[in-house]
*Asks:* 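To start, I am sharing the structure in question, which I have written as structure tokens.
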Amino acid sequence: MKYLLTRLRKLYRNSSISQKLFLAFSLMIAIPVILISFVYIRMQETQLYKDAMATGNSHVSWLNEQLRRRMDMIENASNTALTQKSFVDFIHSNMLVDGLRLVKFKQNQFEQMLNIIQSNAMISELSFYVDNPNLYEIWPEIYHYKKFWPQDYWIKLRDEGGAAYRLFSFRDGEHTLSYYRLVRLQGQEQKRPSIMEVRVPHSMFFSDLLQESKGDFFSVLMNASDPPQYVYNPQHEFSEKYGQGMEEILGSIHHQLDIVPQESPLQVKVGGQSFYALYRYIAPLNTYVVEVASHQALMKGPRSWYAFVVTITLCVLLLIMLLVSQTTRRIFRRLDSVLVSMRQVGKGELDAMIDIGLDENERGDEIDEVAVNYNKMLHEVKRLMTQVVDKQLIAKNAQLHSLHSQINSHFLYNALESIRMEAEVQRQPAIANSLVSLGSQLRYSMQWRSDTVAFREELANIQSYIEFINFMEGGSIVMTADLPPEILRYAIPKMCMQPIVENVVHHGAPSGGRVTIEITFSVENDSLLFINIRDDGKGLEPEMLHRLQALLRSESDTPMVTSRSGLGLENVNKRLQLHYGKNCGLWIDSVQGAYTCVTIRLPWENVNLGGW
């Protein structure tokens, strides 16, 4: 992400002014228009979705009402048929005894039953299945019970209240709906009850309910059994469009149907497309009335608006690009002279001034102001370049003076060496050794080849200092430093330990007494190096220790003056923190009459330590 942002910044920076203006106009005009348009289209999609769902729910309710009305018609017809008590009694009697009686039945009761059936256009067949061994099967409306299948279906009818619908009847069920009803007679309990079956073809029962409509919803009736069976119009646009995929779509919807309808429509995904389903459960028919629509069909109008908006936006952007190009060409034409002058200056021609062409009292526009300031800048650049050359000459002279000073310091070293040799000739080894120590200190302090030195070099300088002080003041100061070779090679800032040892000599050592200085080290978390300089001198007073610790933590409002206290640690501490950060520096600890320990904290990296 960071790399991408960097690339975009570079691309924007390297773009021309006309391209930047085009981008600005696009951000201010085109993009907000696109966003507002898309939000508006999205709102239209939401509203269209709500309207479609409302229409679908309305159609589901209408289908539910129409189906229940037609079921009522079938039930009324069956009730009317059962009111023909003489017909029902005759088919349960011995029909084989008297042929004349059978003829009269045909002319009277049977013709009345046919009139009932034919007067109801919804009914195609009405049949009775009777458990009567003396039944005479000469008409398609009367059958022996053994012709009915399944034989034990009367038990389910009894459990369901004596009547039930089947969306797909037992006989010719693929295209027929049936209504079954128990016919019970007194004194016939030892036999299976008769069943009346009313058969209605799907094409007649559903007629115009499942016909092709102009809406986006597709009406389907799904029975609640498993495996599911469906009734729908195969000529519907939805059915023709999805063809082989219909079974998968309807099966996915059927899997989520529930007797208790949901407030929101069902949504399923099949073949990468979304489908919505609205439904009602018709309990007597044990069937769901389902309205199905694809998301693509519902949103086909708003989706076409997206392409329209994008096309219009591209045309607007093209016009903006042409307008910006022409405008910038006119406005920035005079900047060409500035660019030409800048290219000449880039080649080293500092006299490439811009011809402004303004009178003395004329101000001009912003471009003229740029040209005037550009000419002033060239004058200033030439002046500064001359000044830089002068400073370089001064620096060269300073280097020559430094070399001369080094020559004078060599003269001083040679003089000390001559005195040392004379002391050895005069058999004064103490004087000779002190001169060697003093010479070593002078060389160490005056020769700064780099800002850092090896630990062993700093130790050697301190040892020379202690030997010289022992000679000059007759003291007995001993330094011990048992350190491994890797620490002795460690690069530390030059002269960072010298002031600490001087404080031990001048303030920590008792008069004429022996003092031992012990130098140790430790490393913390592979990040900090601790150099501990500990002496067994007289220590510090508690008040002085508190002031020093506060000063090293930068908590004291009163600065510690070196010349008064004689402790001069603040300078070293601030130098270390300046170059290595607040985590580095000095820390002091002391117990009066026992010891004083000064700890130097340095980064545990042996490269690029810097110094002063």
Side-chain angles (χ1 to χ4, degrees), residues 34-68 167-168 206 209-310:
I34 292 176
L35 292 177
I36 293 173
S37 300
F38 281 6
V39 170
Y40 175 76
I41 294 174
R42 183 60 181 170
M43 292 173 60
Q44 292 298 313
E45 285 183 347
T46 303
Q47 187 60 42
L48 184 63
Y49 170 80
K50 292 180 179 179
D51 294 343
M53 293 301 111
T55 303
N57 274 317
S58 176
H59 194 251
V60 166
S61 300
W62 180 80
L63 278 177
N64 181 37
E65 181 182 351
Q66 294 297 318
L67 290 174
R68 289 183 181 275
L167 182 62
F168 296 90
F206 300 110
L209 299 183
L210 301 179
Q211 294 302 312
E212 178 73 34
S213 64
K214 296 182 180 179
D216 296 313
F217 280 92
F218 171 58
S219 301
V220 184
L221 275 83
M222 301 182 180
N223 70 341
S225 61
D226 190 17
Q229 293 173 292
Y230 315 108
V231 178
Y232 58 86
N233 180 14
Q235 280 76 42
H236 194 280
E237 180 183 355
F238 187 95
S239 177
E240 292 179 348
K241 179 178 180 180
Y242 293 101
Q244 299 296 328
M246 283 290 295
E247 286 294 326
E248 185 178 1
I249 296 172
L250 298 181
S252 300
I253 295 173
H254 186 274
H255 182 70
Q256 297 189 37
L257 294 177
D258 192 358
I259 294 177
V260 179
Q262 301 179 4
E263 294 182 1
S264 58
L266 295 179
Q267 185 174 4
V268 297
K269 272 197 170 185
V270 178
Q273 293 193 41
S274 296
F275 297 90
Y276 301 105
L278 302 167
Y279 67 95
R280 293 287 187 280
Y281 178 69
I282 303 177
L285 201 56
N286 193 27
T287 299
Y288 294 97
V289 178
V290 185
E291 291 288 307
V292 184
S294 70
H295 179 79
Q296 182 182 9
L298 291 178
M299 301 302 163
K300 60 185 176 183
R303 290 300 166 89
S304 63
W305 299 347
Y306 283 111
F308 177 74
V309 169
V310 171

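For reference, positions follow the sequence shown, starting with 1. Computed from a predicted structure; not experimentally measured. Keep in mind that the numbers below use all heavy atoms, side chains included, and drop hydrogens, waters and symmetry copies.
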*Asks:* With a 4.5 Å cut-off on side-chain heavy atoms, are Leu257 and Met222 touching?
*Replies:*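 In short, these two side chains touch, coming nearer than 4.5 Å.
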*Asks:* Do the side chain of Ser239 and the main chain of Gln235 share a donor and acceptor less than 3.5 angstrom apart?
*Replies:*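 It does not hold such a pair.
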*Asks:* So which heavy atom on Ala52 is nearest to which on Leu298, and how close?
*Replies:*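 Heavy atoms of Ala52 and Leu298 come nearest at CB-CD2, 3.7 Å.
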*Asks:* Please walk me through it: do Leu221 and Leu67 pass side-chain contact (heavy atoms from CB on, under 4.5 Å)?
*Replies:* CA-CA 11 Å; Leu221 275 83; Leu67 290 174; 3.8 Å; yes
*Asks:* Just how far is it from atom CG of Leu285 to atom CG of Asn64, taken to the nearest 0.5 Å?
*Replies:* 10.0 Å
*Asks:* Compare every heavy atom of Leu278 with every heavy atom of Met53, then report the nearest pair and how far apart it is.
*Replies:*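 Answer, listing the atom of Met53 first, then Leu278: O-CD1, 3.5 Å.
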*Asks:* Apply side-chain contact (heavy atoms from CB on, under 4.5 Å) to residues His254 and Tyr230 and explain how you reach the verdict.
*Replies:* CA-CA 10 Å; His254 186 274; Tyr230 315 108; 4.2 Å; yes
*Asks:* Applying side-chain hydrogen bond (donor to acceptor under 3.5 Å, both in side chains), can you list everything that pairs with Tyr281, at least two apart in sequence or on another chain?
*Replies:*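 Here the qualifying residues are Asn286.
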*Asks:* Take the angle between the ring planes of Phe218 and His236 and call it parallel below 30°, perpendicular above 60°, tilted in between.
*Replies:*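 The rings of Phe218 and His236 sit tilted, inter-plane angle from 30° to 60°.
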*Asks:* Roughly how far, to the nearest 0.5 Å, is CD of Glu247 from OH of Tyr242?
*Replies:*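 One gets 15.5 Å once the value is rounded to the nearest 0.5 Å.
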*Asks:* Nearest heavy-atom pair of Arg68 and Pro284: which atoms, and what distance?
*Replies:* NH1-CD, 3.8 Å
*Asks:* Not counting sequence neighbours, which residues clear side-chain contact (heavy atoms from CB on, under 4.5 Å) with Gln267? List them please.
*Replies:*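 Applying side-chain contact (heavy atoms from CB on, under 4.5 Å) to Gln267 gives Ser274, Tyr276.
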*Asks:* Between Gln229 and Leu250, does the side-chain contact (heavy atoms from CB on, under 4.5 Å) criterion hold? Intermediate values first, please.
*Replies:* CA-CA 10 Å; Gln229 293 173 292; Leu250 298 181; over 6 Å; no
*Asks:* Does the side chain of Leu63 reach to within under 4.5 Å of the side chain of Ser219, using non-hydrogen atoms?
*Replies:* yes
*Asks:* Between Ser252 (side chain only) and Glu248 (backbone N and O only), is there a donor and an acceptor less than 3.5 Å apart?
*Replies:* yes
*Asks:* Any heavy-atom pair between the side chains of Tyr288 and Val220 that's under 4.5 Å?
*Replies:*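 Counting from C-beta outward, Val220 and Tyr288 never come under 4.5 Å.
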*Asks:* If you round to the nearest 0.5 Å, how far is CD1 of Ile259 from CD1 of Ile282?
*Replies:* 13.0 Å
*Asks:* Report yes if the side chains of Leu209 and His59 come closer than 4.5 Å at any heavy-atom pair, otherwise no.
*Replies:* no
*Asks:* Rounded to the nearest 0.5 Å, what separation is found between the CE atom of Met246 and the NZ atom of Lys241?
*Replies:* 12.5 Å
*Asks:* For Phe238 and Ser294, which heavy atoms make the closest approach, and how far apart are they?
*Replies:*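 Looking at all heavy atoms of both residues, the closest pair is CE1-N, 4.2 Å.
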*Asks:* If you take all heavy atoms of Glu291 and Gly56, which pair is closest and at what distance?
*Replies:*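 Closest approach of Glu291 to Gly56, heavy atoms only: CG-O, 3.9 Å.
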*Asks:* Taking all non-hydrogen atoms of both residues into account, name the closest pair between Asp258 and Tyr279 and its distance.
*Replies:* O-CE1, 3.1 Å
*Asks:* May I ask you to test the Val231-Thr287 pair for a side-chain heavy-atom distance under 4.5 Å?
*Replies:* no
